[in-house]
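The structure appears right after this line, and notes come after that.
In what follows, chains carry the letters A, B, and so on, assigned in the order in which the sequence lines appear, proteins first and then strands, with residues in each chain numbered from 1. Keep in mind that the numbers below use all heavy atoms, side chains included, and drop hydrogens, waters and symmetry copies. Small disclaimer: the values here were computed from a predicted structure and weren't measured.
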Number of protein chains: 2
Amino acid sequence: MSIRTAENIFETLVDGIVAGRMPPGEPLVEKALAEQFGVSRTPVREALHRLEQARLAERGARRAFFVRQMAPDDLAELFEAAGEVESGLAALAANRMSEIERRKLEAILAEGDACDDPEAYGAINARFHDTLKSGARNAILAATLDELNLRTLAWRAANFHEDASRLETSRAEHRGITEAILAQDAETTRRLMRSHVASSYIVLTDILARRAE
Amino acid sequence: MSIRTAENIFETLVDGIVAGRMPPGEPLVEKALAEQFGVSRTPVREALHRLEQARLAERGARRAFFVRQMAPDDLAELFEAAGEVESGLAALAANRMSEIERRKLEAILAEGDACDDPEAYGAINARFHDTLKSGARNAILAATLDELNLRTLAWRAANFHEDASRLETSRAEHRGITEAILAQDAETTRRLMRSHVASSYIVLTDILARRAE
DNA sequence: TTGCTGGGACATGTATACATATGCAAGATA
DNA sequence: TATCTTGCATATGTATACATGTCCCAGCAA
């Protein structure tokens with residue numbers, strides 16, 4: 001695997017941050033990264049600027065780059081924002097999903113019910129949310145959610161891994177959302193999805209609080 | 001006014017696009033812009049990449065940059081997305097605005113009622129929306145709306161200027177939103193704001209349709 | 001001891017030269 | 001004549017050298 005383009009470098013860095021290999025606060029120095037990837041500073045520089053715009057990197061003294069560090073308040077805002085956007089998408093999806101997509105959603109729900117492995121469930125969970133996202137027929141709003149989720153992912157990865165205890169709750173929430181969508185009840189769908197995202201935020205803060213003890 | 005930094009070039013280009021001086025489809029060539037601004041290609045290149053990320057520029061053949069051209073469907077999606085985000089912000093604001101902010105909102109409303117100049121009303125309108133945006137206490141969601149609005153602004157500027165006929169309708173919608181906020185009724189606020197944004201979209205498409213005749 | 005000042009180190013910012021890719025047109029060939 | 005090839009024009013992509021700005025620390029003075 002040879003990294004030669006700015007695009008590849010950007011993706012590699014995003015992956016490193018989202019996966020937690022590059023923890024918040026880690027310095028990102030153009031020259032060092034250039035040597036590491038075997039390229040000049042130019043493409044690295046471009047990748048770092050894109051990271052900054054994606055809010056995955058921030059700048060400190062000497063305008064130096066670092067992997068972004070988020071305060072707890074920022075995290076609350078981030079999840080709240082993601083909740084508003086994703087619940088908007090879900091409400092649109094309730095009105096617009098095709099019969100085939102509704103069937104697919106039910107199938108994914110059933111798959112989740114039959115799954116006890118947290119890691120596999122994570123993949124099913126992603127497909128559930130992706131189905132709603134594409135069912136909303138709004139690529140711009142979907143891209144907006146993706147941008148926000150990239151940041152929540154980065155935070156989660158740096159702090160904790162999937163928790164099996166939440167599995168049953170998540171299943172129940174997904175079931176409620178699915179039922180609201182099948183009933184084409186947009187406002188109920190919106191409310192339940194907002195609550196679902198908020199609930200995942202609460203789980204996260206609980207884990208952090210327990211760890212702090 | 002001497003332009004020397006990438007930041008300044010970016011802002012200058014954004015302003016040119018949003019104000020409609022650089023119409024959709026206009027080619028953005030690194031070398032030509034560099035000469036025009038009296039700098040090298042490097043900062044221009046950086047500015048163009050930022051424009052691309054802000055979705056104000058797009059790339060065509062030879063990876064060349066152009067001022068972004070939006071299809072009517074994209075415009076519908078864009079306004080729908082902005083409506084979801086801004087209505088979310090408004091709903092949050094209904095629960096969170098301070099007494100002082102509520103008074104300010106009423107004052108701005110009264111100011112708008114007493115104003116008949118479309119251009120001055122535009123400024124008052126902006127203050128109305130800004131007050132809600134800051135009242136929501138979520139900087140991330142507010143920034144998300146700003147990004148989307150930059151794109152709607154670019155589109156509007158390239159196509160039409162403020163229309164006096166909509167003034168009375170806008171006033172009535174603002175009044176409804178304000179009343180819902182004073183009543184701390186988040187869900188009504190959300191609904192009215194979504195409808196308000198949709199209404200401005202309809203006005204825009206009407207103007208375009210009439211022009212096409 | 002404390003505070004100010006100047007220089008050096010180090011990071012990003014910019015300029016410029018060269019590399020690469022692609023669309024287009026002209027010309028050769030079937 | 002139609003098509004394929006080849007070369008050029010032109011745009012961005014990358015490498016490298018130099019410019020700029022700021023933090024830090026050493027050293028001197030009050």
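Note on Arg63(A) versus Glu7(B): no salt bridge recorded, every NZ/NE/NH1/NH2 to OD/OE distance being 4.0 Å or above. Taking a cutoff of 4.0 Å between a charged side-chain nitrogen and a carboxylate oxygen, Glu187(A) and Arg190(B) do not qualify as a salt bridge. With salt bridges taken as basic N to acidic carboxylate O contacts below 4.0 Å, one links Lys133(B) and Asp130(B). Residues Arg55(B) and Glu147(B) are not paired through a salt bridge, judged by the lack of any N-O separation under 4.0 Å between the basic side chain and the carboxylate.
In terms of modelled atom types and a separation under 3.5 Å, the side chain of Glu58(B) and the main chain of Gln69(B) share a donor-acceptor contact.
Heavy atoms of other residues, nucleotides or ligands lying less than 6.0 angstrom from CZ of Arg103(B) number 12 at most.
Overall, the helix from dT1(C)-dA30(D) to dA30(C)-dT1(D) carries an axis bend of 10° between its ends, with five pairs at each end and the value rounded to 10°.
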Check your understanding: If the sugar-phosphate is the primed atoms plus P, OP1 and OP2 and the base is the rest, what is the B/S/- string for nucleotides 10-19 of chain D, using protein heavy atoms under 4.0 Å?
Key -> BSBBBBB---

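Taking the six-membered ring where the residue is Trp, Phe128(A) and His174(A) present parallel rings, their angle staying beneath 30° rather than reaching 60°.
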